[in-house]
Amino acid sequence: MNISARNIWPGTVTHIETGAVNDVVSIKLRGGAVVTSVITKNSVQRLGLKEGSQAMVVIKASSVMLGLDIQPAKISARNVLPGTVKAIEPGVVNDVVTVDLAGGDLLCSVITANSVKRLDLAPGKLVVGIIKASEVMLATE
């Protein structure tokens, strides 16, 4: 499968909270971080997801916000992933910021060049990736 999303990580389903229409699926990445996805009950069934099964987390880079000194308990987004800026690819309007996460996964975020400057982002700086659970897609082989 080829896909345009820049953030594609393998993981293991650790929990599924069943709802009337949507389910909340928790995926543990190889570095130990847990990513939460809200997808339809139908999608959970179609993908054959269950606790212990393998799945791919898929997130578009444009869906990833970056922040500094973010406290997960004080923000509504369920996915708050700390890491270190690895590289910044400058653009005219938007920059691509690549962040090293624990366990070797790379997080790519497309944010405005103004935001990169305002946050004073540079390689080696600690940063937090913020992703709403509704922006996290899941895939299986």
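This one's a predicted model, so the numbers in the text were calculated from it and none came from an experiment.
- For the side chain to side chain donor-acceptor pair (under 3.5 Å) test, no residue two or more places apart in sequence or in another chain qualifies with Thr98.
- Scanning all heavy atoms of the two residues, the minimum distance from Gly91 to Ala113 falls at O-CB, 4.4 Å.
- Interatomic distance, Lys60 NZ to Cys108 SG, rounded to the nearest 0.5 Å: 14.0 Å.
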What side-chain donor-acceptor pairs closer than 3.5 Å can you find for residues 114-131, not counting sequence neighbours?
from	atom 1	to	atom 2	distance (Å)
Ser115	OG	Thr112	OG1	2.9
Ser115	OG	Arg118	NH2	3.4
Lys125	NZ	Leu119	O	3.0
Lys125	NZ	Asp120	O	3.2

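- Under the rule for a side chain to side chain donor-acceptor pair (under 3.5 Å), the partners of Asp105 that lie at least two apart in sequence or sit in another chain are Arg30.
- Trp9 has its side chain out of reach of Ile27: every pair of non-hydrogen atoms, C-beta onward, lies at least 4.5 Å apart.
- Each salt bridge (charged side-chain N to carboxylate O under 4.0 Å, His left out) pair with one or both residues in residues 74-102, not counting sequence neighbours, would appear here, but there are none.
- Atom-to-atom distance recorded for Ile8:CD1 and Met137:CE is 9.0 Å, nearest 0.5 angstrom.
- Taking both residues in full, the closest heavy atoms of Leu66 and Ser109 are given as CG-OG, 3.7 Å, listed atom of the first, atom of the second, then distance.
- Between atom OG1 of residue Thr36 and atom CG of residue Asn79 there is a gap of 5.0 Å, rounded to the nearest 0.5 Å.
- Partners of Gln54 by side chain to side chain donor-acceptor pair (under 3.5 Å), not counting sequence neighbours, listed by chain and number: Thr12.
- Counting heavy atoms from C-beta on, the side chains of Leu49 and Thr140 come closer than 4.5 Å.
- Under the 4.5 Å side-chain heavy-atom criterion for grouping Ile, Leu, Val, Met, Phe, Trp and Tyr, Ile88 is connected to Leu107 within one hydrophobic cluster.
- Residue-environment remark: NZ (Lys41) exceeds the threshold of 12 foreign heavy atoms within 6.0 Å.
- Residues satisfying the side chain to side chain donor-acceptor pair (under 3.5 Å) test with Thr40, not counting sequence neighbours, are Ser43.
- In the hydrophobic clustering of ILVMFWY residues, with side-chain heavy atoms under 4.5 Å counting as a link, Val58 and Ile39 come out apart.
- Clustering ILVMFWY residues whenever any of their side-chain heavy atoms sit less than 4.5 angstrom apart, transitively, puts Leu81 in a cluster other than the one holding Val24.
- Inter-residue side-chain proximity for Val34 and Leu29 is flagged as unmet; no heavy-atom pair is nearer than 4.5 Å.
- You'll find the side chain of Asn7 reaches within 4.5 Å of the side chain of Val64, heavy atoms only.
- In this structure, Ser53 and Gly48 approach most closely via the heavy-atom pair OG-O, 4.2 Å.
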Item to check | Worked check of side-chain contact (heavy atoms from CB on, under 4.5 Å) between Asn94 and Ile111 | outcome: CA-CA 5 Å; Asn94 293 322; Ile111 61 174; over 6 Å; no
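- Under a hydrophobic clustering in which Ile, Leu, Val, Met, Phe, Trp and Tyr are joined whenever their side-chain heavy atoms come within less than 4.5 Å, directly or via other members, Val35 and Val38 fall into different clusters.
- Pairing each heavy atom of Val136 with each of Ser37, the nearest pair is O-OG, 2.6 Å.
- A heavy-atom distance below 4.5 Å is found between the side chains of Val85 and Val97.
- Residues His15 and Glu51 are in side-chain contact: their nearest non-hydrogen atoms beyond the backbone lie under 4.5 Å apart.
- Criterion: ILVMFWY side-chain heavy atoms under 4.5 Å apart, direct or through other members. Under it, Leu47 and Val57 are part of a common hydrophobic cluster.
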